[in-house]
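Reviewing the structure listed below.
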Number of protein chains: 2
Amino acid sequence: MPIVAARHLDTVFSALGDPVRLAIVENLSTSTSGHAMVNDLAALFPISLQAVSKHIKVLEAAGVVSQGRDGRHRPVSLVQSSISTASDWLDDRTRQLEARYARLDHVLANIHEGTRS
Amino acid sequence: MPIVAARHLDTVFSALGDPVRLAIVENLSTSTSGHAMVNDLAALFPISLQAVSKHIKVLEAAGVVSQGRDGRHRPVSLVQSSISTASDWLDDRTRQLEARYARLDHVLANIHEGTRS
DNA sequence: TTGACATTCAACTGTTTGATTGAATAAGAT
DNA sequence: ATCTTATTCAATCAAACAGTTGAATGTCAA
């Protein structure tokens with residue numbers, strides 16, 4: 001079965017394709033609690049709170065993070081499945097590349113054997 | 001001009017964050033030869049050859065593909081290290097998420113033990 | 001109720017991007 | 001030499017994007 005890319009995989013990669021959003025994801029993945037407030041995340045970057053809020057919306061639209069509700073806070077946390085989906089797709093690419101190299105090695109080995117006979 | 005510019009992870013993700021470019025990468029990874037001509041890739045999409053050529057340039061600038069020279073052809077092939085770099089980063093995120101879940105399980109188990117005592 | 005805090009919405013702006021068409025370059029085929 | 005093929009370069013355009021400031025919403029705390 002050929003492994004088919006998820007329908008909106010490009011949206012996930014696009015969401016990760018910005019230094020601020022990549023840093024947000026990294027921060028969330030390394031935080032002990034697994035979530036962070038918009039305000040705390042905004043403090044990490046030299047841009048306005050509103051700009052960070054927008055970045056979070058982009059990540060959320062791509063399914064990379066989700067936002068809950070805790071009083072007047074909106075805790076942001078990673079959605080593991082989206083990370084896994086992207087990771088799996090890249091792993092598939094790596095495996096296919098390695099498989100081709102392996103086939104190439106095999107062909108070269110056969111050629112070598114042929115020259116000896 | 002020898003390529004190899006400062007390639008950052010967000011640039012790689014950004015390059016993958018487009019359906020045409022993602023399909024190009026997928027096509028290259030599944031092709032038997034491991035490379036493809038610009039013309040052949042362009043035939044896969046309902047956009048102009050020049051647009052596809054630009055997409056390839058974006059992928060090349062991000063270090064995701066490289067282009068060789070074979071007569072009047074410019075064969076495009078994947079650069080494994082860039083795929084691996086992105087894959088490794090996502091794997092790290094996945095591992096951190098799993099580690100946190102494991103710690104949470106542990107905490108919950110302790111709480112449960114506490115209620116029994 | 002008033003005020004502070006956390007966050008979003010709305011409007012605006014400059015930059016980047018994805019696409020187009022037409023012209024240019026380069027190399028194989030006739 | 002000329003023609004055809006493969007690909008890129010250049011100019012252009014509309015749409016999307018990342019950022020800003022200012023106003024609005026909702027919630028806690030006095």
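Chain letters run A, B, ... following the sequence lines, proteins first, then strands; residues in each count from 1.
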Checklist line | Position toward the 5' end of DNA chain D (nearest nucleotide), A:Asp18 or A:Asp70 | finding: A:Asp18
Margin query: Is it the case that the base of D:dT7 and the side chain of B:Arg74 share a donor-acceptor contact (distance under 3.5 Å, atom types as modelled)?
Written below: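 It does not, because no donor-acceptor pair links the side chain of B:Arg74 to the base of D:dT7 below 3.5 Å.
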Margin query: Counting distance alone, no hydrogens or angles: does the base of C:dG18 have a donor or acceptor under 3.5 Å from a partner atom on the side chain of B:Gln50?
Written below: no
Check this one for me: any side-chain N or O of [X] less than 4.0 Å away from OP1 or OP2 of [N]?
| X | N | result |
| --- | --- | --- |
| B:Ser48 | C:dA19 | no |
| B:Asn39 | D:dT7 | yes |
| B:His55 | C:dA19 | yes |
| B:Arg69 | C:dA27 | yes |
| B:Gln67 | D:dT8 | yes |
| A:Arg21 | D:dA18 | yes |

Side chain of [X] only, heavy atoms from C-beta on: which candidate in [options] is closest?
| X | options | result |
| --- | --- | --- |
| B:Ile47 | C:dT8, C:dT20, C:dA6 | C:dT20 |
| A:Ser53 | C:dT8, D:dT7, C:dA19 | C:dT8 |
| B:Arg72 | D:dT8, C:dT8, C:dA29 | C:dA29 |
| A:His73 | D:dT4, D:dT8, C:dT7 | C:dT7 |
| A:Met37 | C:dT20, C:dT7, C:dG18 | C:dT7 |

Note to self: For A:Lys57, is the NZ atom crowded, meaning more than 12 foreign heavy atoms sit under 6.0 Å from it?
What the structure shows: yes
Checklist line | Heavy-atom closest pair, residues B:Ala15 and B:Ala62 | finding: CB-CB, 3.6 Å
Check: Touch check for B:Lys54, heavy atoms < 4.0 angstrom, all strands: base, sugar-phosphate only, or nothing?
Finding: base
Notebook entry, point to check: Taking atom P of C:dT7 as reference, at what distance in whole Å does atom NZ of A:Lys57 sit?
Noted result: 10 Å
Margin query: Could you tell me how far apart A:Asp40 (CG) and C:dT7 (C1') are, to the nearest whole angstrom?
Written below: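 In whole Å, C:dT7 C1' lies 13 Å from A:Asp40 CG.
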Margin query: Before you tell me yes or no, could you show the steps for B:Val12 and B:Trp89 under side-chain contact (heavy atoms from CB on, under 4.5 Å), namely the whole-Å CA-CA distance, both residues' side-chain angles and the distance that decides it to 0.1 Å?
Written below: CA-CA 11 Å; B:Val12 173; B:Trp89 187 86; over 6 Å; no
